[in-house]
S.K.: 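Take a look at the following structure, please.
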Amino acid sequence: MLSIKLKRRARAVVTIVLLVLIGLIARLAQIQLFTTEDFSKHHINLIEASVKQRTQSIILDSGRGRFIDKNDEPITGDYYPSLVLFPFLNDTTWPSKQIASIIGVSEHTLINAVKNANAPFAFGGENPIKLTKQQQEKINELKVPGVFALYQQVKTEQFIGEHLIGLVRQNDQLLKKKYGEKLERGLISANTEIGITGLQKAFDEFLLPEGESKLLYHVDQLGEPLFGLNVKYTAPANPYYPTAIKTTINKSIQLLADETVDHFDMKKGGLVLLDVETSDVVAMVSRPRINHKNPLGDEGGKNQMIEPQIPGSIFKVVTALAAIEENVKLGGRTFNCDLNLYGDGLDKRQLGVLNFEQSFANSCNYTFAKLAEDLISRNPDFFEEYANKLGLIEAVGWQGDVFHFQNFYQFPEEQSGQIWLNDHDKKVKKAINQTAIGQKDVKISPLSVANMMATIARGGKAKQVRAVSEIQYKNGTTLYSFPNQALGDERLSPYSVMKIKDLLEHVISEGTGMRYKNLPYQLAGKSGTAETGRDGIVNKWFAGYFPAHAPKYALVVVELEADEYNTHTYDIFEKLVKELYKLHNENGNSLK
């Protein structure tokens, strides 16, 4: 009996061992034969992982395209020749003295950098030294194993124009939705970062990496070279990528704009600076800043400059334009600007009896309420019609067909403006009065206000706003060029433009913008204080262009949800104008 029991136990143990072995063999087969390139829920490529364990490498280029300014200055990352060194140089004789001489550093510094390295590196740390073409050629002519002078993508430390340029992040769901076919075909990795806001989002298809460029060599367990000193260069097959997106931004001016806004510690708001001739974005700032740890978790993730805001008296430009073009009686007419908006009591700003020009310069609410009543009795849609002529309602950012992309938008998150929420209000006197001065339901974006000023400054033809002028191949040749495009078919009459320009200049000479009379450039512009519905909290605006008689720039500054008696809108506008004057004179291209 005992013998039979022992035999049964032995068989059971053998069976269990065999089952365990079979399970292990099956698991090994699964790993090595069936899921080597897509192991576990994390989709790990085991072949690549095993190679990585036996190699040391340095990534020269992530493969994602980059952004440059209008003068080819780097915005999101620089791309230049740097000196790449491998740690196995410690065990070889190499011409360290000669290489140090070529790049202008001490031999001791160069040797120490290699001694302290346990992986390939670019000499100079996070900001590798930038080699000249001559230095690059001299180093590569030496043909030293482990010493290379190659182009490398270098990240910039500054976040330049961060809301306009936008964010890049890993987003599995969005990646699968947009690039599912490329993922299935193995053309991009499951870990690929994509653009989720701004220009990064708009141009993501053109920026998408086709693979990394890197130098690598195989090592043993001790990190020693396995196959001599052979270093391999790997890169995507396409020599034209990664691309560069050439923006219209002037990097120097963008930095000035950021510094100016931060100097006055603006909490919410920003500025837009456009080139008058083209309506190109020269600089754009939005606050609050992006929280890069949780970028979409608060208002810092929004670009306030492309979102509709309550404009206040900035909107009086629309009412004034309509009054001029519709031939409302203005000459010889006066308005009692001691009265409030509705004419049923005294205003807190009692300005006396003013004519039309004086009313605009001093921002008299009563005048524009009365004009709006006259206008809407003739044409119930006049607000929309004239706001459209000035490009204030529809999106103003560049849009059009680009290759197979229909209705490509350079500002994919831009929102349209609005005048009315309820057409019934067009028959309500108080609603008409409020709308005439940019209150009630009126909301327009700072970008569209800046474009309105540029439209007036160049003579009345509205244009779409560009932030990007072209897409370039890796070698600098043009893949696609974005043309300047008209915004709508209408043009303001020369007479109306002349009158509006005159009104905007009167704001500076005798009205709410008199503090700007002594600036180095003569300005034309309009102030605005918009009530937000919270007592004492306003949107504070100043928008204009300069120099007044030979306009170069259109600028809008807006401080949102600010204390009415503690804003820095005017200070920021003034400081930036002065800084631009200084910058142009330093560069020897002063404006008239």
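What's counted below: heavy atoms across the whole structure, side chains too, no hydrogens, waters or symmetry copies. Only a predicted model underlies this, so the values are computations on that prediction, with no experimental measurement involved.
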S.K.: Sort out for me which residue in T76, T192, T243, D204 forms a side chain to side chain donor-acceptor pair (under 3.5 Å) with R64.
M.R.: D204
S.K.: Is it the case that more than 12 heavy atoms not belonging to K461 sit under 6.0 Å from its NZ atom?
M.R.: yes
S.K.: Count the heavy atoms of every other residue, nucleotide or ligand shown that sit under 6.0 Å from NZ of K70, and state whether that count exceeds 12.
M.R.: no
S.K.: Ring centroid separation for F403 and F405, is it under 6.0 angstrom?
M.R.: no
S.K.: Should we say atom NZ of K178 is surrounded by more than 12 heavy atoms from elsewhere, each under 6.0 Å from it?
M.R.: yes
S.K.: Quick one: does N112's side chain get under 4.5 Å of T109's, heavy atoms only?
M.R.: no
S.K.: Just verifying a value: how many Å separate E307 CD and L447 CG, rounded to the nearest 0.5 Å?
M.R.: 12.0 Å
S.K.: Taking atom types as modelled, find out whether Y79 and Q153 have a side-chain donor-acceptor pair closer than 3.5 angstrom.
M.R.: no
S.K.: Is the distance between the ring centroids of F408 and Y480 less than 6.0 Å?
M.R.: no
S.K.: Without swapping roles, check the side chain of H163 against the backbone of G300 for a donor-acceptor pair under 3.5 Å.
M.R.: yes
S.K.: We want to know whether E162 and H292 form a side-chain donor-acceptor pair, criterion being a heavy-atom distance below 3.5 angstrom.
M.R.: yes
S.K.: Do you know which of L555, V465, V282 makes side-chain contact (heavy atoms from CB on, under 4.5 Å) with L274?
M.R.: V465
S.K.: Taking R287 as the fixed residue, which of D258, D298, D265 is the one that meets the salt bridge (Lys or Arg N to Asp or Glu O under 4.0 Å) rule?
M.R.: D258
S.K.: Begin from the C-alpha positions of Q136 and K138 and carry the test side chain to side chain contact (heavy atoms under 4.5 Å, CB included) through to its verdict.
M.R.: CA-CA 6 Å; Q136 182 186 17; K138 283 184 178 180; over 6 Å; no
S.K.: Would a distance-only check, ignoring hydrogens and angles, find a side-chain to backbone donor-acceptor pair under 3.5 Å from D69 to E73?
M.R.: yes
S.K.: Taking all atoms of both residues into account, what is the closest heavy-atom pair of L167 and P295, and its distance?
M.R.: CD1-CB, 3.3 Å
S.K.: Can you tell me if Q410 uses its side chain to pair, donor with acceptor, with the backbone of V468 under 3.5 Å?
M.R.: yes
S.K.: Taking the side chain as every heavy atom from C-beta outward, state whether N140 and V147 have any atom pair closer than 4.5 Å.
M.R.: no
S.K.: Please report the closest heavy-atom contact between L164 and A467, naming both atoms and the distance.
M.R.: CD1-CB, 4.1 Å
S.K.: In Å and rounded to the nearest 0.5 Å, what is the CG to OG distance from N71 to S252?
M.R.: 7.5 Å
S.K.: Walk me through whether D571 and H263 qualify under side chain to side chain contact (heavy atoms under 4.5 Å, CB included).
M.R.: CA-CA 10 Å; D571 300 318; H263 177 79; over 6 Å; no
S.K.: Is any side-chain heavy atom of D72 closer than 4.5 Å to a side-chain heavy atom of K246?
M.R.: yes
S.K.: Does Y581 offer a backbone N or O that forms a donor-acceptor pair with the side chain of N585 under 3.5 Å?
M.R.: yes
S.K.: Tell me, do K575 and V577 make a side-chain contact under 4.5 Å, heavy atoms counted?
M.R.: no
S.K.: Output the distance between atom CG (D401) and atom CG (N407), rounded to the nearest 0.5 Å.
M.R.: 6.0 Å
S.K.: Taking atom types as modelled and ignoring hydrogens, do the side chains of Q152 and S82 form a donor-acceptor contact shorter than 3.5 angstrom?
M.R.: yes
S.K.: Side chains of M266 and H568, heavy atoms from C-beta outward: is any pair under 4.5 Å?
M.R.: no
S.K.: Is it true that T478 and Q472 share a donor-acceptor pair across their side chains at a distance under 3.5 Å?
M.R.: no
S.K.: Return yes when atom CD of E277 has more than 12 non-hydrogen atoms of other residues, nucleotides or ligands closer than 6.0 Å, and no otherwise.
M.R.: no
S.K.: For I68 and A244, work out which heavy atoms get closest and say how close.
M.R.: CD1-CB, 4.3 Å
S.K.: Rounded to the nearest 0.5 Å, how far does OG of S57 lie from NZ of K214?
M.R.: 5.0 Å
S.K.: Any donor and acceptor pair, going by atom type alone, linking the side chain of E413 with main-chain N or O of F411 inside 3.5 Å?
M.R.: no
S.K.: How far does CD of Q170 sit from CD1 of I196, to the nearest 0.5 angstrom?
M.R.: 11.5 Å
S.K.: Are Y545 and Y553 close enough that their ring centers fall under 6.0 Å?
M.R.: no
S.K.: When rounded to the nearest 0.5 angstrom, what is the spacing between CD in E299 and CG in N303?
M.R.: 12.5 Å
S.K.: Output, in order, the C-alpha distance, side-chain angles, deciding distance and verdict of side chain to side chain contact (heavy atoms under 4.5 Å, CB included) for T455 and K463.
M.R.: CA-CA 7 Å; T455 298; K463 293 183 179 182; over 6 Å; no
S.K.: Is the side chain of E414 donor-acceptor paired with the backbone N or O of I306 at a distance under 3.5 Å, no angle test?
M.R.: no
S.K.: Show the numbers, then the answer: is there a side chain to side chain contact (heavy atoms under 4.5 Å, CB included) between Y521 and K578?
M.R.: CA-CA 8 Å; Y521 294 130; K578 288 179 177 178; over 6 Å; no
S.K.: What's the shortest heavy-atom distance between W398 and G400, and which atoms?
M.R.: CZ3-N, 3.4 Å
S.K.: Which pair of non-hydrogen atoms, one from L296 and one from T197, has the smallest distance, and what is that distance?
M.R.: CD2-CG2, 4.0 Å
S.K.: Does I253 reach the side chain of L273, with side-chain heavy atoms less than 4.5 Å apart?
M.R.: yes
S.K.: Salt bridge or not between K474 and D61? Use side-chain N to carboxylate O under 4.0 Å.
M.R.: no
S.K.: Quick check: closest heavy atoms across I194 and L208, and the distance to 0.1 Å?
M.R.: CG2-CD1, 4.0 Å
S.K.: Is there a side-chain contact between E559 and F264 in this structure, where contact means two heavy atoms from C-beta onward sitting under 4.5 Å apart?
M.R.: no
S.K.: Are the ring centres of Y151 and Y80 closer than 6.0 Å?
M.R.: no
S.K.: Answer yes when E107 and K97 have at least one side-chain N-carboxylate O distance shorter than 4.0 Å, and no when they do not.
M.R.: no
S.K.: Test S279 against every option in R466, R458, Q485 by the side chain to side chain donor-acceptor pair (under 3.5 Å) rule and name the one that passes.
M.R.: R458
S.K.: If we only count heavy atoms from C-beta on, is the L110 to I99 side-chain gap below 4.5 Å?
M.R.: yes
